[in-house]
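Model, not experiment: these values are computed from the prediction.
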Amino acid sequence: MSTFSTRMWVYILLVLTNLIWGSTWVVGRLLAQEVPPITASALRFALACIALGGLLLWREGCIPRLPKQDAKVAFGLGLTGIFLYSICFLTGLKFTTAGRGALIVALNPVMIALVAWLFFGEAMSWLKALGIVLALTGCIWVVGNGHPQNILNGELGWGELLILGCVIAWAVYTFISRRASGSVSGLAMNFYGCAIGCVLLGVTSLLEHSWAVIPHIAGRSWLFLIYLAFFATALSYTWYLNAVKVLGAGRAAIFTNITPLSGVAFGAMFIHERLPLAVLMGGLVTISGVLLALYADQKQKNK
């Protein structure tokens, strides 16, 4: 296969990855109404571990042993990106719509850029700062349901707060992942992070009496869990990691803006969500700010 064909295939899989991630907001919203969130998350990542283990055996011939220097990193990944993110994700979707949740999480890239500047001394240009301000402004509009004064009045719902928790958890997860030694592949680190997160979720799910819940989970809910585990976790993460390797992190990150847009579209198509125009406009401002910040970051790196 030619280099051009390879890159085109990577682009196709990258678009498909972000469409799948957009659909998780609808699937998660439906699942959150049927299965207790921590129990659902524990089952999702138990299935994901099986899928990731199979992928490792297929691609690398074995499940590599985790080096000692990466043990803390793997625990941090499991605690933040799997355990905390999952709890905030499915619990938040019990109280807010899939579309609003997807638009709030669009803030992820600029939150990472902001933390990198504040705590890790990464350079900040005026163009990137403008993008961050735009994205934060749009997010405030979405969280306030089109009325930013609601936040000042303390009228912020649990759903929105928990989805903001997803943004914070993912930012921390991203910076922890940078501390990995590189002794094992990204796929292997993802497997170990999922396994640790799954154990934490499994223990915590006992608070929901998961042993009594699991036998009564309906067939539709199992299909949702399988979809989240195999497609939204194992396959999509593998495709995304490959895209980062081929295209670079900056170019791959631009495609993540498909996720919130498709989340809103799928919410309208499949569960008949209708977001106020002010919320949609806030989402577009957020995405515009993210694109501007990513462009500024790429421009800065190319100097």
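Rounding to the nearest 0.5 angstrom, the gap separating the CG atom in Leu103 from the CG atom in Leu280 is 7.0 Å. Separating the CG atom in Leu228 from the CG atom in Leu223 is a distance of 11.0 Å, to the nearest 0.5 Å. Leu235 contributes atom CG, which lies 9.5 Å from atom CG of Leu13 (distance to the nearest 0.5 angstrom). The CD atom of Gln33 lies 10.5 Å from the OG atom of Ser221; values are rounded to the nearest 0.5 Å. Rounding to the nearest 0.5 Å gives a distance of 10.0 Å between CG of Leu201 and SG of Cys194. Taken to the nearest 0.5 Å, the CG atom of Leu127 stands 5.5 Å off from the OG atom of Ser125.
Heavy-atom minimum distance, Val184 versus Pro64: CG1-CB, 4.2 Å. Contact between Gly263 and Val26 at its shortest, heavy atoms only, is O-CG2, 4.4 Å. Summarising the geometry of Leu30 relative to Arg220, their closest heavy-atom pair is CD2-NH2, 4.4 Å, with the distance given to 0.1 Å. What you find for Ala48 and Thr233 is that their closest heavy atoms are CB-CG2, 3.8 Å.
Within 6.0 Å of atom CZ in Arg178, more than 12 heavy atoms from other residues, nucleotides or ligands are found, so the atom counts as buried in its surroundings. Around CE of Met281, the count of heavy atoms belonging to other residues, nucleotides or ligands within 6.0 Å does not exceed 12. Few gaps surround CH2 on Trp211; more than 12 heavy atoms of other groups in view lie less than 6.0 Å from it.
Side chains of Trp25 and Val264 form no contact here, defined as non-hydrogen atoms less than 4.5 Å apart. Looking only at side-chain heavy atoms (C-beta outward), Phe191 and Tyr237 stay at 4.5 Å or farther from each other. Residues Leu291 and Tyr295 are not in side-chain contact: their nearest non-hydrogen atoms beyond the backbone lie 4.5 Å or more apart. Using a 4.5 Å heavy-atom threshold, the side chains of Tyr240 and Trp21 count as touching. Counting heavy atoms from C-beta outward, Pro37 and Ile87 have side chains that stay 4.5 Å or more apart. Leu77 is listed as a side-chain neighbour of Ser177, based on a closest heavy-atom distance under 4.5 Å. The side-chain heavy atoms of Ile196 and Ile82, taken from C-beta on, include no pair separated by under 4.5 Å. Counting only heavy atoms from C-beta outward, the side chains of Leu206 and Ser210 approach each other to under 4.5 Å.
For the residue pair Asn18/Thr256, the side-chain donor-acceptor check at 3.5 Å is not satisfied. No side-chain N or O of Ser86 forms a donor-acceptor pair with one of Arg44 less than 3.5 Å apart.
Residues Trp239 and Phe231 place their aromatic rings such that the two centres sit no closer than 6.0 Å. For Tyr11 and Phe255, the ring centers are positioned less than 6.0 Å apart.
Phe224 and Phe270 fall within the same hydrophobic cluster, defined by Ile, Leu, Val, Met, Phe, Trp and Tyr side-chain heavy atoms under 4.5 Å apart, directly or through other members. The same ILVMFWY cluster, assembled from side-chain heavy atoms under 4.5 Å apart, contains both Leu225 and Ile214. By the criterion of side-chain heavy atoms lying less than 4.5 angstrom apart, applied directly or through intervening Ile, Leu, Val, Met, Phe, Trp or Tyr residues, Leu90 is grouped together with Ile163 in one hydrophobic cluster. Leu134 and Leu107 fall into different hydrophobic clusters, where Ile, Leu, Val, Met, Phe, Trp and Tyr residues are linked whenever their side-chain heavy atoms come under 4.5 Å apart, directly or through other members. One hydrophobic cluster, built from ILVMFWY side chains closer than 4.5 Å, holds both Ile63 and Met189.
Ring pair Tyr173/Trp170 is parallel by interplanar angle, where below 30° counts as parallel and above 60° as perpendicular.
Checked by atom type and distance alone, the side chain of Arg100 pairs as donor or acceptor with a backbone atom of Val142 at under 3.5 Å. Although no hydrogens or angles enter the test, the distance criterion places a donor-acceptor pair under 3.5 Å between the side chain of Thr204 and the main chain of Leu200. Ser205 places no side-chain N or O within 3.5 Å of a backbone atom of Ile38 that could act as its donor or acceptor partner. Side-chain atoms of Gln69 do not come within 3.5 Å of backbone N or O of Ser181 as any donor-acceptor pair. In this structure a side-chain-to-backbone donor-acceptor pair under 3.5 Å is present from Ser262 to Thr259.
Legend: salt bridge (charged side-chain N to carboxylate O under 4.0 Å, His left out) pairs involving residues 196-214, not counting sequence neighbours: none detected.
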